[in-house]
Amino acid sequence: SDSYYGSRQMEKYPQVTVAKGIKFGSTEQEVIAAFGQPEEDDIYVSDSGYKTFEYCNDYSQYLRLTIYEDTGVSCIEIKEYQ
């Protein structure tokens, strides 16, 4: 499968898969099917053609996905606060 940085396809880019099969290139619909519709406050819509969905676990952990309409998930960020 292809990997992207923003809307630019990357060669030899690491392929990462998170829970429920979400990976670089997954569509917005696939993300919602896997993790549910984020709360309105957890969605950022850019003028540049992408959305960022954030899924929090008691505010100690989060998964943030950047999703472009044409290329799908282009950024996966997982963080745990200590």
Side-chain angles (χ1 to χ4, degrees):
S1 106
D2 295 333
S3 296
Y4 291 87
Y5 178 76
S7 60
R8 193 169 43 126
Q9 186 173 350
M10 302 295 288
E11 297 294 326
K12 298 181 182 178
Y13 201 67
Q15 186 57 261
V16 175
T17 303
V18 295
K20 302 183 182 181
I22 298 302
K23 59 187 177 192
F24 293 124
S26 294
T27 67
E28 179 178 340
Q29 293 77 21
E30 291 170 329
V31 170
I32 292 170
F35 297 116
Q37 178 70 37
E39 298 292 325
E40 188 175 330
D41 290 347
D42 294 329
I43 300 173
Y44 170 76
V45 179
S46 163
D47 293 336
S48 302
Y50 68 86
K51 294 180 182 179
T52 300
F53 287 3
E54 189 169 296
Y55 297 92
C56 295
N57 178 8
D58 297 328
Y59 298 100
S60 63
Q61 301 171 326
Y62 73 76
L63 168 65
R64 184 179 297 151
L65 303 168
T66 300
I67 308 164
Y68 281 80
E69 188 174 321
D70 57 346
T71 58
V73 172
S74 66
C75 179
I76 298 170
E77 183 179 355
I78 301 169
K79 187 161 189 163
E80 179 173 24
Y81 296 104
Q82 297 292 326

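- Between F24 and S74, the closest heavy-atom pair is CE2-O, 3.6 Å.
- Atom CD of Q61 is surrounded by more than 12 heavy atoms from other residues, nucleotides or ligands within 6.0 Å.
- Between I76 and L63, some side-chain heavy-atom pair lies under the 4.5 Å cut-off.
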(request) Using the side chain to side chain contact (heavy atoms under 4.5 Å, CB included) rule, take T52 and L65 through it: C-alpha gap first, then chi angles, then the decisive distance, then the call. (result) CA-CA 6 Å; T52 300; L65 303 168; over 6 Å; no
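- Put simply, CZ on F35 and CD1 on I22 are 5.5 Å apart, with the number rounded to the nearest 0.5 Å.
- The side-chain heavy atoms of Y68 and V73, taken from C-beta on, include no pair separated by under 4.5 Å.
- Counting only heavy atoms from C-beta outward, the side chains of Y50 and I67 never approach each other to under 4.5 Å.
- Taking CZ of R64 as the start and SG of C56 as the end, the distance is 8.0 Å to the nearest 0.5 Å.
- Checking E77 against Y62 by side-chain atom types alone, a donor-acceptor pair falls below 3.5 Å.
- Nearest heavy-atom pair across G21 and S26 is O-OG, 4.1 Å.
- The side-chain hydrogen bond (donor to acceptor under 3.5 Å, both in side chains) check on K51 picks up E28, with sequence neighbours excluded.
- The number of heavy-atom neighbours closer than 6.0 Å to CD of Q37, taken from other residues, nucleotides and ligands shown, is above 12.
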(request) Could you give me the CA-CA distance, side-chain angles and deciding distance for V31 and Y55, then say whether side chain to side chain contact (heavy atoms under 4.5 Å, CB included) is met? (result) CA-CA 11 Å; V31 170; Y55 297 92; 3.6 Å; yes
